[in-house]
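Taking it in order: structure first as structure tokens, then the write-up.
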Amino acid sequence: MTVTRFAPSPTGYLHIGGLRTALFSWLTARHHHGRFLLRIEDTDLSRNSQEALKAILEAFQWVGLDYDGDVVYQSQRFDLYRQYIDKLLKEGKAYRCYMSREELDILREEQMARKERARYDGRYRDFTGTPPAGVEPVIRIKAPLEGNIIFEDGVKGEICIAADEVDDFIIARSDGTPTYNFVVAIDDALMGLTEVIRGDDHLYNTPKQIVVYKALGFTLPKFYHVAMINNEQGKKLSKRDGATDVMAYQKLGFLPEALLNFLVRLGWSHGDQEIFSISEMIELFDPKDINKSASSYNLDKLLWLNAHYIKNMPNDKLVTTLADYGVSIEGHDKLEMLLDATKERGKTLVELAAQIKLVLDAPENYDPKAAKKAFKGDASEILRSFAELLKNWEGELHFPAEYHAVLEKFVETKEVGFGKIAQPLRVSLLGSMTGSGVDEVMAIIGVEETVHRIDQAVFFIEKGK
RNA sequence: GACCCUUUCAUCUAGCGGCCAAGGAUGCUACGUUUUCAACGUAGAGACAGAGGUUCAAAUCCUCUAAGGGUCGCCA
């Protein structure tokens with residue numbers, strides 16, 4: 001059975017790059033009807049944060065990623081790790097190192113000065129003498145001294161690293177707590193992971209973890225190292241590039257399905273297909289199709305996807321979602337019309353909410369440019385007589401086409417061009433030159449409100465004369 | 001600096017030696033549609049990092065160069 005996991009350390013919010021690797025892992029598990037596990041990497045007791053954990057879980061819930069079983073906390077498994085440390089110590093596969101931090105710093109500086117890769121020199125590897133007093137030892141694992149550590153990466157192909165590049169790294173701190181590379185290998189093995197999908201910043205951890213697997217006799221999972229997501233300029237994604245926190249996307253008015261669709265196409269593809277529903281992703285995703293190279297974040301494409309998902313969202317679902325963005329239109333008698341008239345005008349839910357308010361609420365002021373252009377000449381007379389005409393139809397008009405017919409009749413009898421009434425009317429209704437069609441707006445707000453807005457505009461024009 | 005990884009339009013990508021004078025998508029530019037904007041439709045501009053091989057044939061294989069990135073913690 002396929003088992004994958006997401007293993008964040010609770011040090012902050014869920015990053016968009018983290019969400020992508022989580023998504024890749026989740027899709028792999030769901031594709032094979034396997035298990036997707038969540039494990040919290042909190043071995044560094046001083047850096048844990050409950051807040052961060054909550055944020056991660058909240059983000060998972062928002063985008064709809066579910067996990068199987070209980071969340072595993074490494075901080076609750078120290079006894080288990082201790083047993084493996086003792087085992088390695090007993091078998092001579094690990095040893096106590098009495099080198100102080102200061103000595104280690106000096107060693108590293110020397111190596112860097114010699115332009116070498118900094119690493120532990122193994123001085124306590126075969127130490128049998130009397131340990132120096134006053135030093136709490138760390139425990140180091142014995143890494144192979146020669147040969148290569150080779151593994152097949154599902155994304156990058158064969159990775160070969162010389163054994164002497166991997167030092168006898170620390171598996172337990174001097175306070176006895178175990179370290180990352182040690183516990184990751186143990187947990188991945190014990191939790192039955194078959195595929196480990198993670199960012200390629202972990203590529204160099206893999207040989208270290210392989211040392212642990214070998215020492216403990218565990219079987220290796222398949223590793224996939226996914227390249228990073230860069231910003232639009234191709235540089236490392238940072239907070240300055242805008243939203244990196246997954247939950248920020250909710251506030252900005254993005255739909256989770258759009259965000260997921262965007263992320264799945266960053267570093268993965270299936271022919272020319274751009275739009276993937278969740279079930280299509282599950283059906284089509286295969287980690288072997290993940291790209292080797294880094295990709296860049298592209299807001300325009302995310303916006304396009306978001307607009308696509310907004311346009312295609314059923315109206316009843318849209319109503320509920322919109323409630324979180326300050327628009328409560330549940331039960332509105334022209335709901336369908338309202339949404340159909342505005343849906344295509346917002347790339348985000350925030351924009352859509354604004355569009356809806358524009359239709360629903362009479363303009364509080366008029367865009368100066370629009371007013372200047374549309375409220376000139378005999379605009380007020382035209383508007384006034386159109387309002388008069390419209391009043392005759394009170395209670396009889398329901399659909400945009402019916403309002404349109406009245407407009408047509410008006411221009412016909414007045415012998416004026418369509419724009420002569422349409423433009424001033426638009427500005428009267430919306431306060432702006434752009435926006436939903438006037439026929440639709442009138443149909444949504446009805447004759448009474450239309451007349452009211454026209455009166456308001458006429459008052460505004462007269463006042464300005 | 002050492003080690004490892006990467007390199008197709010501005011961006012996401014297709015491409016697995018002949019189907020490629022390189023396809024799709026976003027963005028951009030026109031045009032159409034529309035009372036306006038948007039949406040939509042049609043068209044257009046736009047790339048194999050460079051140099052050498054291998055081969056009848058290379059975006060695809062090999063080598064080098066260049067540029068980007070990652071890693072070098074008693075962090076994860």
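Letters A, B, ... are given to chains in the order of the sequence lines, protein chains preceding strands, and every chain is numbered from 1.
The residue A:G419 sits apart from the nucleic acid: no heavy atom pair falls under 4.0 Å. Using a 4.0 Å heavy-atom distance criterion, A:V184 is classed as making no nucleic acid contact. Residue A:K343 is classed as having no contact, given no heavy-atom separation below 4.0 Å to the nucleic acid. If you check every strand for non-hydrogen atoms under 4.0 Å, A:M433 touches a base. Residue-level contact check: A:G346 touches neither bases nor backbone, having no heavy atom under 4.0 Å from any strand. Here A:K420 lies out of heavy-atom contact (under 4.0 Å) with every strand.
Taking the six-membered ring for Trp and thresholds of 30 and 60 degrees, A:W268 and A:F285 have ring planes inclined between 30 and 60 degrees apart. Taking the six-membered ring for Trp and thresholds of 30 and 60 degrees, A:Y124 and A:F127 have ring planes more than 60 degrees apart, a perpendicular arrangement. Using cut-offs of 30° and 60° for the angle between ring planes, the A:Y13 and A:H15 rings count as parallel. Between A:Y213 and A:F218, the ring planes are perpendicular. Angles over 60° get that label, and only those under 30° would be called parallel.
For B:U63, the paired nucleotide is B:A51, the pair qualifying as Watson-Crick or G-U wobble because both relevant distances are below 3.5 Å. When both pairing distances are held under 3.5 Å, B:C3 makes a Watson-Crick or G-U pair with B:G70. The partner of B:G46 cannot be assigned: no Watson-Crick or G-U wobble pair with both contacts below 3.5 Å exists in any strand. B:A10 is paired with B:U26 under the Watson-Crick or G-U wobble criterion, all donor-acceptor distances under 3.5 Å. B:A57 is unpaired under the Watson-Crick or G-U wobble criterion, no partner having all donor-acceptor distances under 3.5 Å. Pairing for B:G32 goes to B:C40, judged as Watson-Crick or G-U wobble with the two contacts each under 3.5 Å.
The shortest distance between the side-chain N/O atoms of A:R117 and the OP1/OP2 oxygens of B:G73 is not below 4.0 Å. OP1 or OP2 of B:A39 has at least one side-chain nitrogen or oxygen of A:K347 nearer than 4.0 Å. Within the structure, every side-chain polar atom (N or O) of A:R108 is placed at least 4.0 Å from both OP1 and OP2 of B:C72. Close to B:C3, at under 4.0 Å from its OP1 or OP2, lies no side-chain N or O of A:K115.
Across B:C3, B:U35, B:A76, the shortest atom-to-atom separation from the side chain of A:E165 is found for B:C3. For A:R426, whose side chain is taken as the heavy atoms from C-beta onward, the closest listed nucleotide among B:U71, B:U36, B:C74 is B:U36. Candidate nucleotides B:A76, B:U71, B:A39 were compared by shortest atom distance to the side chain of A:E41, and B:A76 ranks first. Looking at the side chain of A:I161, the nearest of the listed nucleotides B:C4, B:U36, B:A76 is B:C4.
The pair A:K420-A:D378 meets the salt-bridge criterion, since a charged nitrogen lies less than 4.0 angstrom from a carboxylate oxygen.
Residue A:Y180 contributes atom OH, which lies 11 Å from atom P of B:C72 at whole-angstrom precision. Distance, A:L237 CG to B:G68 P: 19 Å, rounded to whole Å. A:M112 has its CE atom 12 Å from the C1' atom of B:G73, to the nearest Å. Separating the NE2 atom of A:H404 from the P atom of B:U35 is a distance of 7 Å, rounded to the nearest angstrom. Rounded to whole Å, atom C1' of B:C40 lies 15 Å from atom CG of A:D340. Protein atom CZ of A:F386 is 15 Å distant from nucleotide atom P of B:U35, rounded to whole Å. For the pair A:D439 CG and B:C37 P, the interatomic distance rounds to 16 Å; values are reported in whole Å. If you measure from atom NE2 of A:H202 to atom P of B:C72, you get 11 Å, rounded to the nearest angstrom.
Annotation for A:F399: atom CZ does not count as buried by contact number, only 12 or fewer foreign heavy atoms lying within 6.0 Å. Enclosure of atom CZ in A:R96 is not indicated, since only 12 or fewer non-hydrogen atoms of other residues, nucleotides or ligands lie within 6.0 angstrom.
Residues A:S174 and A:K236 each lie close to RNA chain B; by heavy-atom proximity, the contact nearer the 5' end of the strand is made by A:K236. Between A:A162 and A:V135, the residue anchored closer to the 5' end of RNA chain B is A:A162, taking for each the nucleotide with the nearest heavy atom.
Contact of A:R345 with B:C37 (side chain to base): a donor-acceptor pair of N or O atoms is detected under 3.5 Å.
Judged by distance alone, the side chains of A:E103 and A:S100 do bring a donor and an acceptor atom under 3.5 Å apart. In summary, the side chains of A:N205 and A:Y180 do not present any donor paired with an acceptor at a separation below 3.5 Å, with no hydrogens or angles considered.
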Annotated protein contacts, base or backbone, on nucleotides 5-18 of chain B with a non-hydrogen cut-off under 4.0 Å, one of B, S, - each: SSS---SBSS----
Audit row: A:D153, A:K222, salt bridge (charged side-chain N to carboxylate O under 4.0 Å, His left out) steps and yes/no: CA-CA 7 Å; A:D153 186 277; A:K222 177 105 183 162; over 6 Å; no
